Amino acid sequence: MTSPFEHFGTSAIHAGQSPNKWDLNQISPPISLSTTYKQSEPGVFKGNYDYSRDANPTRIALEENLAALENASHCKVFPSGLAAISAILRLVKHGEHIICAEDIYGGTLCLMEDVIQQIDGIEVTFIDFTNNDSMKKALKSNTKLVLFESYTNPTLKIVDIEEIATLVKNFNKDILVVVDNTFITPYFQRPLSFGVDMVMHSCTKYINGHGDVMMGVVMTNFEQLDNHLHLMQKTAGSIPSPFDCFLAMRGTKTLHVRMRVHMENALAIAKFLENSPKIEKVIFPLFESHPQHKIHMKQAKGMSGMVSFYIKGGAEETNKFLCKLKLISIAASLGDVESIIMAPLLMIPFTANEEALKKKGITPNLVRFSVGLEEKEDLIADLKQALEDS
Ligand SMILES: *Cc1c(COP(=O)(O)O)cnc(C)c1O
């Protein structure tokens, strides 16, 4: 399934999309809704299509497209990002051990605590992936899988993917290393090239990019892992609808164009915020002031539209600022064409205590901004008026 095209943008538009695989040479892939396929004789199928849970032409077109974008030989899609992570975690059996980043996406944390630990009874250790000593201490003889995000949420800490993969594989080459690449996308960073086993995305974010599909994806270069993922689709029943696959495919065709503008807008906004007297601090990987800027430059070609910053003041000032925004919406999620902003501590129920959160940089005045594709001048004007007397 590896990309037949040299450049990302051409793959985004054409990989898996060849018109001659459809009956009428359709340039835009058909949404194939049929759940079953007529057999010419019992057991004789056209193109191995038997039942849509096992294989669906629209879904496979999307999987071929996404595989090309991560430069992977295999790819499987799931009905949400968390369904994709759940499918991956089914590789871990009772008695085995998982190491997970302590500041992983909140939904993944709940999955680990409420399902993997509580229901499956699997041991999970949560650590800081930017600290190699914590990793060395956490690795055990029964460790089966490690999971982390290379850009953490909401404080945008950056994990050195190659260093983690090397450290873990040196300890035991059979431990599976998995990266959630949602925040940066394959346009800017391809973790498989740094020695990890699987990459996943919440396609709900940048990959689809239009805020109208929930989906997840896992890419790998190992056939055995892909066979497991197919089992999770076909036998455990975790599949997205053909219509959603079509929408996600429409999204990926502009991924490269969108990411360039997300970065351009985010950079302009980060600079504006950096110079505002109302802002205490800006966290943006393209700035040299970012503590892991060097790691970013080593492993990524650019940055998405994610900017985090601290407003001067506390919960009250932050709340006032957010409520004054007119163009930018207060909402969960990220990676859409529309600009979305949130204050994690004011909007997400955290289980840790105030002191522990403060240590991680999660305070009431922390704001996470998913910079959209509106014209940057309009976004800056909206921020400016909202900051004026907040
Ligand atoms: C949103 C998100 C997920 C979960 O994806 P859903 O599609 O909402 O299930 C996982 N990881 C990261 C980094 C996310 O932002």
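Remember, it's 1-based here, ligands and their atoms both numbered in the order they're listed. Here the structure is a predicted model, which means the values were calculated and not measured.
- Taking the ring centroids of Tyr49 and Tyr37, they lie under the 6.0 Å cut-off.
- Atoms of ligand 1 found under 4.0 Å from any heavy atom of Thr182, numbered from 1 in the order shown, are 12 (C), 13 (C), 15 (O).
- In this pair, Phe129 and Phe148 present their aromatic rings parallel. The plane angle is below 30°, not in the 30 to 60° band.
- Less than 4.0 angstrom separates some heavy atom of Asp180 from each of these atoms of ligand 1: 10 (C), 11 (N), 12 (C), 13 (C).
- Note on ligand 1: Asn153 sits outside its first shell, no heavy atom being nearer than 4.0 Å.
- Of all the atoms in ligand 1, the ones that sit under 4.0 Å from a non-hydrogen atom of Gly81 are 5 (O), 6 (P), 7 (O), 9 (O).
- Around atom 8 (O) of ligand 1, the closest heavy atom drawn from Met200, Met306, Met214, Met215 belongs to Met214.
- Taking distance alone, with nitrogen or oxygen atoms compared against 3.5 Å, Glu149 stays at or beyond that limit from ligand 1.
- A side-chain N or O of Ser150 and one of Gln189 form a donor-acceptor pair less than 3.5 Å apart.
- In this structure, atom 1 (C) of ligand 1 lies nearest to the protein heavy atom Lys205 NZ, 1.4 Å.
- Residues Asn365 and Glu317 bring no donor and acceptor atom of their side chains to less than 3.5 Å of each other.
- Here the protein heavy atom with the shortest distance to atom 4 (C) of ligand 1 is Tyr105 CE2, 3.4 Å.
- Side-chain N/O atoms of Arg260 and Tyr187 include a donor and acceptor closer than 3.5 Å.
- Asp382 and Gln385 form a side-chain donor-acceptor contact under 3.5 Å, judged by distance and modelled atom types alone.
- Of all atoms in ligand 1, numbered sequentially from 1 with element shown, those under 4.0 Å from a heavy atom of Ser80 are 7 (O), 9 (O).
- For Leu82, heavy-atom contacts with ligand 1 shorter than 4.0 Å involve the backbone as well as the side chain.
- Shortest contact from atom 7 (O) of ligand 1 to any protein heavy atom: Thr204 OG1, 2.6 Å.
- Classification of Lys298 and Glu163 as a salt-bridged pair fails, no side-chain N sitting under 4.0 Å from a carboxylate O.
- Comparing Ser86, Ser202, Gly106 by heavy-atom distance to atom 5 (O) of ligand 1, the nearest is Ser202.
- Side-chain polar atoms of Tyr206 and His201 form no donor-acceptor pair below 3.5 angstrom.
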